[in-house]
Every structure is written in C-alpha cells, then in structure tokens.
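First up is the structure itself, then whatever we jot down about it.
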Amino acid sequence: MNRLIYIFIALTAALLAVACSDGSCYDNSSALPLVRFYAKGTTTQVEVSNVTIRGIGVPGDSLLVDNDAVSEVYLPLRANADVTQWRFSYTVDADIELADTLTITYDAVPYFSSVECGAMYNFHLKSVELTGDYADSVAIVKPVIDNGTDVAIRMFFSN
Amino acid sequence: MLKKLLTILLLLIAVQAAMAQDSLRHVTPVRPATNVTLTPPRGTSEEVIKRYLTGDSTAQQEARRDSLKRVYKHYPLLTDVAVGLNFIEPLLMAMGQDYASVDVHATLNMWNRLQPVLELGLGWAKTTPDDMNFTYRAKPALYGKIGFNYNFMYKSEPRYQAFLGVRLGYSSFTYDVTDVSYRNSYWAEASTFDIKGISSNAIWGEALAGIKVCIFKQWSLGWTIRYHGLFNYKKTDSGRPWFIPGYGPRRRPLGFTFSLSYTIPLSSL
C-alpha cells in the first residue's frame with residue numbers, strides 16, 4: 001500500500017506542473033485574405049515586379065506594398081463596410097504605369113477563434129471583381145476568410 | 001531466510017509427527033518424484049498441515065484449495081458502491097485557474113474487479129487573458145459520463161485500488177465572448193462587439209488510470225489522470241468553444257480528477 005501512496009503524491013505534483021502550462025497562437029491574430037499570384041491558366045505561382053498596392057479610401061493614402069516584387073499579399077478588409085477596393089499599380093517601364101482595381105464584396109461576421117488567438121471578424125466572401133489593364137482574372141478559392149494561412153483568392157497574370 | 005527456517009521447522013515437525021503417529025495409523029506415504037521437499041502453501045490451516053505432514057495424499061489438494069481461498073479471495077458480484085465528489089478544479093479555480101468542472105460519481109464494485117461508473121457534473125469558465133481583446137464566459141452547464149474501471153488490485157482489499165478505465169462524455173452548453181475590442185491599423189478602424197449565446201455541444205472519450213486509498217473507515221481519496229479526445233463538437237459561424245464542461249479546454253488532451261468518496265458495502269466480506 002505504501003507504493004500506492006507514493007504514486008498518489010507523484011500525481012499531485014504532476015497536476016500542479018500541467019495546470020501551469022499554456023498555449024500560443026499558431027495562426028494569424030486577425031482574418032486576412034491571402035491573395036496569391038499565378039500565371040494565366042495555370043497553377044504556377046509568379047512574382048510580379050514593381051507593384052504598388054493601396055486601399056482605395058484608406059486614411060493617409062498609405063501603401064500596403066510600395067513598388068516591390070511580390071508573389072502574394074494579405075489584403076486587410078474593412079470590418080465596418082461590406083466592400084473593400086484595392087488598387088494595384090504596376091511600373092512596367094520607366095514612364096509606363098498600368099493599374100487594376102480589385103473589388104471584394106463580403107459579410108463581416110464576428111468570430112471567436114481561440115483563447116490564444118482571440119476574437120476577430122471573419123469575412124464571408126460574396127464576390128470579387130477585377131477591372132483594369134494588367135492582370136488577367138481573379139478567382140475565389142476559399143470563400144470564408146478566417147485567421148488561417150490558406151490562399152483565399154487567386155489572381156492571374158499574362159506574361 | 002525465513003522460508004528456510006520454516007522449511008527446517010516443518011521437516012522437524014514432520015519427522016516427529018511421523019514417529020509419533022506411525023504406530024497409530026497406516027497410510028501410504030507420499031513419495032515425491034524428485035528430491036524436492038514439498039511443503040504446504042503459506043496460509044494453509046493447521047489442521048490441513050497436520051494431515052499433510054502425516055502423508056495423507058488427499059491433504060495436499062486440500063492444502064492447495066485452502067491456501068487459494070486465502071490468497072485469491074473471491075469478492076461477491078455486488079461488493080460495494082462508492083459515491084464521491086470530484087472537487088479539485090473549484091480549488092484550482094480559487095488559485096487562479098480560469099475554468100472548473102465538479103461532479104458527483106457513483107461506482108458499483110463488482111467482484112472487486114469490474115466497476116461501472118456514472119459521473120454527473122457541472123462545468124463553467126470565465127477568462128480575460130492578459131494582452132487579449134475579449135472576455136470568454138461559459139455559463140454553468142451539465143455534463144455526464146459513463147464508463148467502467150478495471151481494478152488491478154482485485155486480490156486486495158477494496159479500500160485500496162489501482163485501476164484503468166474508459167469513459168464516454170457528453171455536454172451541451174452555451175458561451176459568450178464579450179468586450180471584444182477590434183482594431184484594424186491599416187484602415188484605422190476600431191470597434192467593440194459582443195458575441196452572445198453561442199450554443200454548442202460535444203461528445204468525447206477518455207482513457208484513464210487511477211488509484212484510490214482509504215483515509216478513514218469508509219472514506220477514500222482518489223486520483224485519476226485522463227487522456228481524452230473529442231469525437232465531435234459543434235462549430236458555428238461565430239466560433240469554436242474554448243471550454244467544454246467535464247472536458248476542460250478543448251485543446252488540452254490531459255485531465256485530472258481528485259475525489260473524496262464514501263464506500264457502502266453491499267455484502268459482508
């Protein structure tokens with residue numbers, strides 16, 4: 001019976017050790033749609049050079065990407081509206097600049113992810129629309145935007 | 001050493017007894033096939049030992065049966081019922097833990113081996129983590145578990161047990177996430193919102209190991225350590241539960257219980 005009592009004491013110590021442990025957030029702390037760039041008609045990822053991305057109507061006209069080369073980008077959506085527009089500008093030559101406008105329509109839904117990652121808005125995408133003269137097309141591949149890191153929108157470019 | 005002394009002593013008694021009884025009784029002596037000296041098993045009654053030592057051939061079997069009765073005590077189908085309270089988590093909550101489940105449980109001890117168990121309890125939680133943007137509140141909700149234990153110390157007294165067991169648990173509950181502060185730095189947006197009355201349910205399984213020790217008369221204390229996993233739980237567009245009554249935090253695979261229980265004997269042992 002003595003052994004049983006030793007086990008009893010060991011279990012008490014184990015409880016105190018486990019009760020003090022805690023977790024971490026391994027996802028994003030907010031829901032952001034990940035837009036990835038592909039060559040037209042393929043699933044080959046491409047990098048777009050000299051691109052500038054800004055939100056239309058953003059305070060201070062601040063840039064998300066400033067004349068950089070990118071192959072994917074997280075585009076934060078407005079929680080207080082149901083449409084967010086983004087302007088993509090491309091410097092293709094020294095004095096030639098092309099531009100596209102990406103319009104995303106959605107519902108913002110309050111969402112509790114976890115104690116570690118917190119509460120946020122999820123975005124249920126309704127449609128995406130692309131207008132302009134450089135990118136070819138756009139498609140939704142993940143209609144519910146949560147704090148995961150999966151690709152939500154594919155944007156296709158001609159060579 | 002003690003065993004050797006006992007063997008020598010028994011041999012001396014045997015020789016003496018044989019000499020004394022030789023003139024009174026005529027029996028066929030038991031001749032072992034080898035040089036090994038057979039001794040009565042420990043715990044054999046004195047009367048059987050006497051007959052055994054005289055060389056009575058039937059006494060050997062009786063001695064074995066007599067000893068087995070002592071070593072392998074057979075408990076009745078309905079040995080006892082234990083009713084207990086698992087109270088560790090309210091204590092841990094008082095020390096700063098954010099959640100608690102408390103339950104009463106009844107265990108029917110059958111043959112001091114197999115023990116069907118029913119657990120009924122209440123679980124709740126409230127947390128506002130540091131550096132986070134919300135308060136999570138799970139309202140007190142009921143849960144139930146059924147399962148059984150297998151007591152590996154079935155040869156010993158029921159007051160001391162070491163067992164393995166399984167459980168199937170279910171709970172239906174609601175939770176609120178309030179005072180959420182939302183901030184989008186790029187769009188310079190800030191807002192607060194609440195998500196209230198999110199209903200969910202969960203079904204899960206547990207595998208456990210435990211011990212039980214007597215502390216005073218019919219009163220016992222018991223520990224279990226439990227590895228559990230969710231079979232299914234309800235997710236909604238508003239979120240996933242963090243806390244499940246009777247299970248604990250959804251992402252934590254280990255659980256503990258600490259119980260005080262009272263045992264009611266169902267038969268005289």
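Per chain, numbering begins at 1; letters A, B, ... match sequence-line order.
- B/D237 touches chain A through backbone and side chain together, each having a heavy atom under 4.5 Å away.
- Contacts of A/S62 with chain B are made by both backbone and side-chain atoms, with heavy-atom separations under 4.5 Å.
- Only the side chain of B/S191 comes within contact range of chain A, judged by heavy atoms closer than 4.5 Å.
- The environment of B/Y186 atom OH is dense: over 12 non-hydrogen atoms of other residues, nucleotides or ligands sit within 6.0 angstrom.
- With a threshold of 4.5 angstrom between heavy atoms, A/L77 approaches chain B through N, CA, C or O but not through any side-chain atom.
- At a 4.5 Å heavy-atom cutoff, the contact between B/R250 and chain A is made by side-chain atoms alone.
- Ring-centre distance between B/W204 and B/F231: not below the 6.0 Å cut-off.
- Contact annotation for B/Y136: only side-chain heavy atoms (C-beta onward) come within less than 4.5 Å of a heavy atom of chain A.
- Ring orientation note: the planes of B/F193 and A/Y121 are tilted relative to one another, at an angle of 30° to 60°.
- Using cut-offs of 30° and 60° for the angle between ring planes, the A/Y38 and A/F156 rings count as tilted.
- Listed options B/D131, B/T236, B/N184 were ranked by heavy-atom pairs under 4.5 angstrom with chain A; first place goes to B/N184.
- Looking at A/V109, only its side chain comes within 4.5 Å of chain B, counting heavy atoms on both sides.
- At least one donor-acceptor pair closer than 3.5 Å links the side chain of A/D133 to the backbone N or O of A/A99.
- To the nearest 0.5 Å, atoms CH2 (B/W219) and CZ (B/R159) are separated by 15.0 Å.
- In this structure, no portion of B/S185 lies under 4.5 Å from any heavy atom of chain A.
- Below 30°, between 30° and 60°, or above 60°: for B/F134 and A/F112 the angle between ring planes is above 60°, a perpendicular geometry.
- Only the side chain of A/P59 comes within less than 4.5 Å of a heavy atom of chain B; its backbone N, CA, C and O stay farther away.
- Only the backbone of A/L63 comes within contact range of chain B, with heavy atoms under 4.5 Å apart.
- In this structure, NE2 on B/H105 lies 6.0 Å from CG on B/N86, to the nearest 0.5 angstrom.
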